[in-house]
Participant: 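My questions all concern the structure below.
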Amino acid sequence: MIVRPLDDITLIYHRPSGQTHLTVSPVPEILGVMQAFDGPMSPTEIVGRLAEQFDLGDPDEALAGVAAHLDELAALGLVR
């Protein structure tokens, strides 16, 4: 996967599919946390790491949002 920021949009090129995905926050931040961690992470762990850098508001809403983004990323084949 190749990730390139472009102003407020981040381009993600998925080599196996040959597709480029246009993403916005918080997807690049979620992927950044996952790439910095060696091994699998739960949505709760991802929210914890993101909360160290960003004001995520209500923890339950943040967790639901991250879980939804992870489901979408998994459906695209970008995360497992």
Side-chain angles (χ1 to χ4, degrees):
M1 182 168 32
I2 300 171
V3 179
R4 295 290 184 261
L6 181 65
D7 294 325
D8 292 340
I9 297 172
T10 298
L11 306 174
I12 300 172
Y13 177 69
H14 185 240
R15 287 183 176 143
S17 69
Q19 293 183 336
T20 300
H21 304 276
L22 304 174
T23 64
V24 295
S25 186
V27 172
E29 292 82 358
I30 292 170
L31 292 174
V33 165
M34 293 175 71
Q35 289 175 342
F37 189 79
D38 188 26
M41 295 182 79
S42 71
T44 303
E45 291 171 316
I46 294 170
V47 168
R49 298 281 175 125
L50 289 171
E52 293 172 1
Q53 299 176 351
F54 305 101
D55 178 12
L56 302 181
D58 180 78
D60 292 332
E61 288 180 22
L63 182 58
V66 166
H69 284 297
L70 290 173
D71 288 344
E72 293 170 2
L73 291 168
L76 292 171
L78 298 176
V79 299
R80 288 186 258 155

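Residue indices begin at 1 and follow the sequence shown.
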Participant: Is there side-chain contact between L70 and I46, with at least one heavy-atom pair below 4.5 Å?
Facilitator: yes
Participant: Cluster question for you: counting only ILVMFWY and a side-chain heavy-atom cut-off of under 4.5 Å, with indirect links fine, are M1 and I9 together?
Facilitator: no
Participant: With distance as the sole test, does H69 use its side chain to make a donor-acceptor pair with the main-chain N or O of I30 at under 3.5 Å?
Facilitator: no
Participant: Is any side-chain heavy atom of P26 closer than 4.5 Å to one of L50?
Facilitator: no
Participant: Is there a side-chain contact between R49 and M41 in this structure, where contact means two heavy atoms from C-beta onward sitting under 4.5 Å apart?
Facilitator: yes
Participant: Can you tell me if T10 uses its side chain to pair, donor with acceptor, with the backbone of T23 under 3.5 Å?
Facilitator: no
Participant: Out of the candidates L76, L11, V3, only one should pair with H21 under the side chain to side chain contact (heavy atoms under 4.5 Å, CB included) rule; please name it.
Facilitator: L76
Participant: In chain order, what residues pass the side-chain contact (heavy atoms from CB on, under 4.5 Å) check against D55, with sequence neighbours excluded?
Facilitator: none
Participant: How does the hydrophobic cluster around Y13 look, that is, which other residues are in it when side-chain heavy atoms under 4.5 Å mark a link?
Facilitator: I2
Participant: Identify the two heavy atoms, one from A62 and one from L56, that lie closest to each other, and give their separation to 0.1 Å.
Facilitator: CB-CB, 3.9 Å
Participant: Work out which heavy atom in D8 is nearest to a heavy atom in V24; give both atom names and the distance.
Facilitator: O-CG1, 3.8 Å
